[in-house]
2 protein chains.
Amino acid sequence: MISQKAKYALRALLALARAGDRGLVTAEIAETQTIPRKFLEQILLDLKRVGIVHSRRGKFGGYYLLKPADNITFGEVLRLIDGPIAPLPCLSRIAYRRCDDCRSEQNCEIRRVFAHVAQSARDVLDRTTIADALTSPGKAEALADYSTQPA
Amino acid sequence: MISQKAKYALRALLALARAGDRGLVTAEIAETQTIPRKFLEQILLDLKRVGIVHSRRGKFGGYYLLKPADNITFGEVLRLIDGPIAPLPCLSRIAYRRCDDCRSEQNCEIRRVFAHVAQSARDVLDRTTIADALTSPGKAEALADYSTQPA
DNA sequence: GACAAACCCTACCGGATTAATGGAGATTTA
DNA sequence: TAAATCTCCATTAATCCGGTAGGGTTTGTC
């Protein structure tokens, strides 16, 4: 499960992408997206620190996308907020760590299986951008059947 | 990330599969797999309750696979120990829950994207069995390149 | 029938994480 | 200067994770 925080971050970015150059103030995002205002502020600061959004302070300030929407991937947002996408530390790109109790990484059956899971998750998350998510369902979706029902 | 507990469960099952009809006592699994003994006992009880393993008490007791190794999937073990595989509650098969703050599930961009992630995770986890994991790397692995390096 | 080896069950616990909340401060524009 | 806005830091309540502890029950052997 992805965290609530990550969901909020993605929702905020989708809203900012829709707003375009006009940008949005935190209160507005919080209200329309049903995100606790103060929590959202922290999230936007995180997104700002890594250069995904920027902000203007003071009256008529607000938040704006800094990177173009088609250059912000779900993967990078998730890694920022929730940490590694990989299901095992020994499969993480951004935070590789040997499993402390693992004899041989080469021969680890569990690692071998989850490597596939990690790869296919990355295939989706690192290729899908905020802009992609905003385009109408039919367009970028070859697998539309998976998307509308609880499978 | 999958939990340590799930990793232990999978390792225990792999060990039991290798042991076959001889079975194994908890102490033996704990030692060879580097799993805290008492913690392992709890895990094996969980696996027993759902009929994946069975046990014999008393002297010369131990644990045995009840289901054939080629009929135990990574997915079912993961769901048992860690809960839903789906990255969003509204995409879970075993524990569907509407996102409390989601306007329209049909139009949720985030849900649409993560539906693909969930599906591809399930494609691997529900098709891969303990027996598969034990067969030599080259055999069931079309994507061997992903499996040996931290990608 | 005592003993030992094994599984079975329940409770607890410390540390980390999650999802916030609160308040004071800095900045910008009118 | 006032108002609106972002910025920063501290705190918190609840939950989860990864165990530990301490028995209790069953089975086989001598």
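Every chain is numbered from 1, with letters handed out A, B, ... down the list of sequences.
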Q.
Expressed as a whole number of angstroms, how long is the span from A:Lys48:NZ to C:dA26:C1'?
A. 12 Å
Q) Can you pull the contact range of chain A along DNA chain D, 5' to 3', using atoms under 4.0 angstrom from its heavy atoms? A) D:dA4 to D:dC8
Q: Can you see which heavy atom on A:Ile29 is nearest to which on A:Leu16, and at what distance?
A: CD1-CD2, 4.0 Å
Q.
Check the phosphate of C:dT27 against A:Lys59, side-chain N and O only, distance under 4.0 Å to OP1 or OP2. Yes or no?
A. no
Q: Please work out if B:Lys38 contacts a base, only the sugar-phosphate, or nothing of the nucleic acid, heavy-atom cut-off 4.0 Å.
A: base
Q | Which residue lies more 5' along DNA chain D, comparing A:Phe60 with A:Arg49 via nearest heavy atoms | A | A:Phe60
Q.
Taking A:Asp132's backbone N and O only, do any of them form a donor-acceptor pair with A:Thr135's side chain (distance below 3.5 Å, no angle check)?
A. yes
Q: Nearest-nucleotide wise, let me know which of A:Ala6 and B:Glu41 is further upstream toward the 5' end of DNA chain C.
A: B:Glu41
Q) Does A:Ser3 have a side-chain nitrogen or oxygen under 4.0 Å from the phosphate oxygens OP1 or OP2 of C:dT17? A) no
(Q) Can you see if the side chain of B:Tyr63 gets near the phosphate of C:dC8 - specifically, an N or O under 4.0 Å from OP1 or OP2? (A) yes
(Q) Between A:Asp101 and B:Arg11 (salt bridge meaning N to carboxylate O under 4.0 Å), is one present in this structure? (A) yes
Q | salt bridge (Lys or Arg N to Asp or Glu O under 4.0 Å) between B:Glu105 and B:Arg111, intermediate numbers included | A | CA-CA 7 Å; B:Glu105 216 164 72; B:Arg111 185 172 193 270; 3.8 Å; yes
Q) Is there a donor-acceptor pair closer than 3.5 Å between any side-chain N or O of A:Gln33 and the backbone N or O of A:Ala30? A) no
Q. If you measure from the Lys or Arg side-chain nitrogens to the Asp or Glu carboxylate oxygens, is any gap between B:Lys67 and B:Glu76 under 4.0 Å?
A. yes
